[in-house]
Chemist: 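Sharing a structure, written as structure tokens. Questions coming.
Atom set for the values below is all heavy atoms of this structure, side chains included, hydrogens, waters and symmetry mates excluded. Because the structure is predicted, anything quoted here is derived from the model rather than measured. The residues of the chain are indexed from 1 along the displayed sequence.
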Amino acid sequence: MKIAVCDDDKATREHISSLIKEQIRDAKIMTFATGEEMLKVQSDFDISFLDVEMGEISGMDVANQIRQEEHGDTKSIIIFVTGFEKYMNSAFDVSAFHYLLKPIDEKKFRHVFRRALNELYAAREGTKRYVLVRNSGMQQKVYIKDIYYIESANKKVIIHTRTGVLDSYGKMDEWEQMTGSGFYRCHRCYLVNMEQIVSYNADTIKVANGDEIILAQKKYNEFIRRYMKYAKDGGIVNV
């Protein structure tokens, strides 16, 4: 596991590094005093702790660069560590995992770091899970992470995925059990992958491919509770 700690204060870098080592002794930690130093390394880090205000290239600049250069399905986990609350809203623009204020509360840090590790491990494990879909008379492997949502229509089950749309059969209750807790039955005809949600309101959920699906009015409050629990348990959040 590769972890970056970027902060212009040496004591803070050492403090964060020691807290990380408490939980993962063999973690590969690289520390940087400036954003420029970190970007020059051009390395993919599993978790990055970034100070917001640092010289010419801020932690927010580094986070933006990380997001622009990411490839594949798994996003790097970004945690901001700063003495200023005013940047908290900007952290959402780069899908930051958390925002820790200085001076660092060690108990809070340990809690956030454990959650970050859980999300990282869950993302890695999630890349292996799949379902077998019978489509056009053939069995096809579909990875759970690649499903945007599942739709029930005219006695068919339509599976919307990154690689296309598949027609199959079965009951939505059965698909709900197969896909697991990372999916939510937002309407009797729709089962959505919470990892793929990019926005929502009182009656609509938008997923990463741009499609909008119905969120039943009576399910809105339950959806919010389930989605917040999913996020708290380390689920990947793109909202």
Side-chain angles (χ1 to χ4, degrees), residues 44 46 67 70-77 92 94-95 97 115-239:
D44 294 327
D46 297 302
R67 292 291 181 242
E70 280 179 331
H71 301 288
D73 300 317
T74 304
K75 287 187 175 182
S76 172
I77 292 175
F92 292 106
V94 292
S95 301
F97 180 78
R115 283 184 51 219
L117 292 175
N118 289 339
E119 174 160 327
L120 186 64
Y121 297 146
R124 290 177 175 177
E125 187 61 30
T127 61
K128 304 174 185 177
R129 292 184 61 228
Y130 66 88
V131 291
L132 290 174
V133 177
R134 189 168 185 81
N135 180 55
S136 300
M138 298 181 64
Q139 292 277 22
Q140 184 171 339
K141 182 188 288 187
V142 177
Y143 287 97
I144 295 290
K145 65 181 177 58
D146 290 335
I147 299 174
Y148 293 115
Y149 63 98
I150 299 171
E151 176 184 5
S152 174
N154 298 324
K155 297 183 179 179
K156 284 188 175 182
V157 172
I158 303 170
I159 305 161
H160 298 258
T161 77
R162 295 184 189 216
T163 55
V165 178
L166 302 174
D167 290 344
S168 189
Y169 294 92
K171 296 179 180 179
M172 288 293 278
D173 290 346
E174 296 171 347
W175 281 97
E176 196 170 358
Q177 290 180 356
M178 284 192 294
T179 50
S181 61
F183 281 64
Y184 180 72
R185 186 84 170 270
C186 58
H187 182 272
R188 63 184 178 84
C189 294
Y190 293 102
L191 181 61
V192 64
N193 184 352
M194 289 192 279
E195 180 179 334
Q196 299 292 345
I197 295 174
V198 295
S199 66
Y200 60 83
N201 56 36
D203 55 18
T204 305
I205 295 174
K206 186 175 182 179
V207 293
N209 70 341
D211 288 358
E212 295 183 349
I213 60 179
I214 299 170
L215 171 58
Q217 186 176 11
K218 65 181 180 180
K219 289 201 165 190
Y220 178 74
N221 289 333
E222 181 191 0
F223 165 71
I224 295 298
R225 287 194 295 270
R226 282 282 301 276
Y227 193 62
M228 293 302 105
K229 183 179 186 306
Y230 161 80
K232 184 178 180 180
D233 290 343
I236 296 175
V237 175
N238 295 307
V239 174

Chemist: To the closest 0.5 Å, what do you measure between CG (Asn193) and CD1 (Ile144)?
Modeler: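 One gets 8.0 Å once the value is rounded to the nearest 0.5 Å.
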Chemist: Identify the two heavy atoms, one from Glu176 and one from Arg185, that lie closest to each other, and give their separation to 0.1 Å.
Modeler: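 Reported closest heavy-atom pair: OE1-NH1, 3.1 Å.
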Chemist: Can you check whether Asp146 reaches Thr163 side chain to side chain, under 4.5 Å on heavy atoms?
Modeler: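 Side chain of Asp146 against side chain of Thr163, heavy atoms only: no contact under 4.5 Å found.
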Chemist: Could you check if a side-chain atom of Tyr230 sits within less than 4.5 angstrom of a side-chain atom of Tyr184, using non-hydrogen atoms only?
Modeler: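 A side-chain contact is absent here, since even the closest heavy-atom pair is not under 4.5 Å.
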Chemist: Measuring from atom CE of Met194 to atom SG of Cys186, what distance do you get when rounded to the nearest 0.5 angstrom?
Modeler: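 If I round to the nearest 0.5 Å, the distance is 10.5 Å.
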Chemist: What heavy-atom pair brings Phe183 and Arg226 nearest, and what distance separates the two atoms?
Modeler: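 Smallest interatomic distance, heavy atoms only, reads O-NH2, 3.1 Å.
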Chemist: Other residues, nucleotides and ligands only: do more than 12 of their heavy atoms fall within 6.0 Å of CD on Gln217?
Modeler: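 No, because the 6.0 Å sphere around CD of Gln217 holds 12 heavy atoms or fewer from other groups.
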Chemist: Checking Lys141 now: which residues fulfil side chain to side chain contact (heavy atoms under 4.5 Å, CB included) with it, not counting sequence neighbours?
Modeler: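 Testing Lys141 for side chain to side chain contact (heavy atoms under 4.5 Å, CB included), a comparison that skips the adjacent residues, returns Tyr130, Leu132, Tyr143.
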Chemist: Do you know the tightest heavy-atom contact between Tyr169 and Trp175?
Modeler: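 That would be O-NE1, 3.6 Å.
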Chemist: Kindly say whether Ser76 contributes a backbone atom to a donor-acceptor pair with the side chain of Arg67 at under 3.5 angstrom?
Modeler: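 Yes: the side chain of Arg67 pairs with the backbone of Ser76.
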Chemist: Kindly compute the distance separating CZ (Phe223) from NE2 (His187), expressed to the nearest 0.5 Å.
Modeler: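 The NE2 atom of His187 is 14.5 Å from CZ of Phe223, to the nearest 0.5 Å.
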Chemist: So with a 6.0 Å cut-off around NZ of Lys219, is the heavy-atom count from everything else above 12?
Modeler: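 Yes - once you tally the heavy atoms of other residues, nucleotides and ligands closer than 6.0 Å, there are more than 12.
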Chemist: Any idea which heavy atoms bring Gly170 and Val157 closest together, and the distance?
Modeler: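 Of all heavy-atom pairs spanning Gly170 and Val157, the closest is O-CG2, 3.1 Å.
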Chemist: Among all residues two or more places apart in sequence or in another chain, which pass the side chain to side chain contact (heavy atoms under 4.5 Å, CB included) test with Glu174?
Modeler: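 For Glu174 the side chain to side chain contact (heavy atoms under 4.5 Å, CB included) partners, ignoring immediate neighbours, are Lys171.
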Chemist: Can you give me the closest heavy-atom contact between Leu191 and Thr179, atom names plus distance?
Modeler: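 In terms of heavy atoms, the two residues are closest at CD2-OG1, 3.6 Å.
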Chemist: Return the minimal non-hydrogen interatomic distance between Val198 and Val207, and the atom names on each side.
Modeler: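 It is CG2-O, 3.7 Å.
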Chemist: A quick test of your reading: do over 12 heavy atoms of other residues, nucleotides or ligands sit less than 6.0 Å from CG of Asp46?
Modeler: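 More than 12 heavy atoms, drawn from other residues, nucleotides or ligands, come within 6.0 Å of this atom.
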Chemist: Please tell me if the side chains of Tyr148 and Val165 come closer than 4.5 Å, counting only heavy atoms from C-beta onward.
Modeler: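 They are not in contact (no side-chain heavy atoms under 4.5 Å apart), so the answer is no.
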Chemist: In Å, rounded to the nearest 0.5 Å, how long is the span from CG of Asp211 to NE2 of His160?
Modeler: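 Result: 6.5 Å between the selected atoms.
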Chemist: Give, for atom OG1 of Thr161 and atom OH of Tyr149, the distance between the pair rounded to the nearest 0.5 Å.
Modeler: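 So the gap between those two atoms works out to 11.0 Å.
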Chemist: To the nearest 0.5 Å, what is the distance between CG on Leu215 and NZ on Lys218?
Modeler: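 One finds 12.0 Å between CG of Leu215 and NZ of Lys218.
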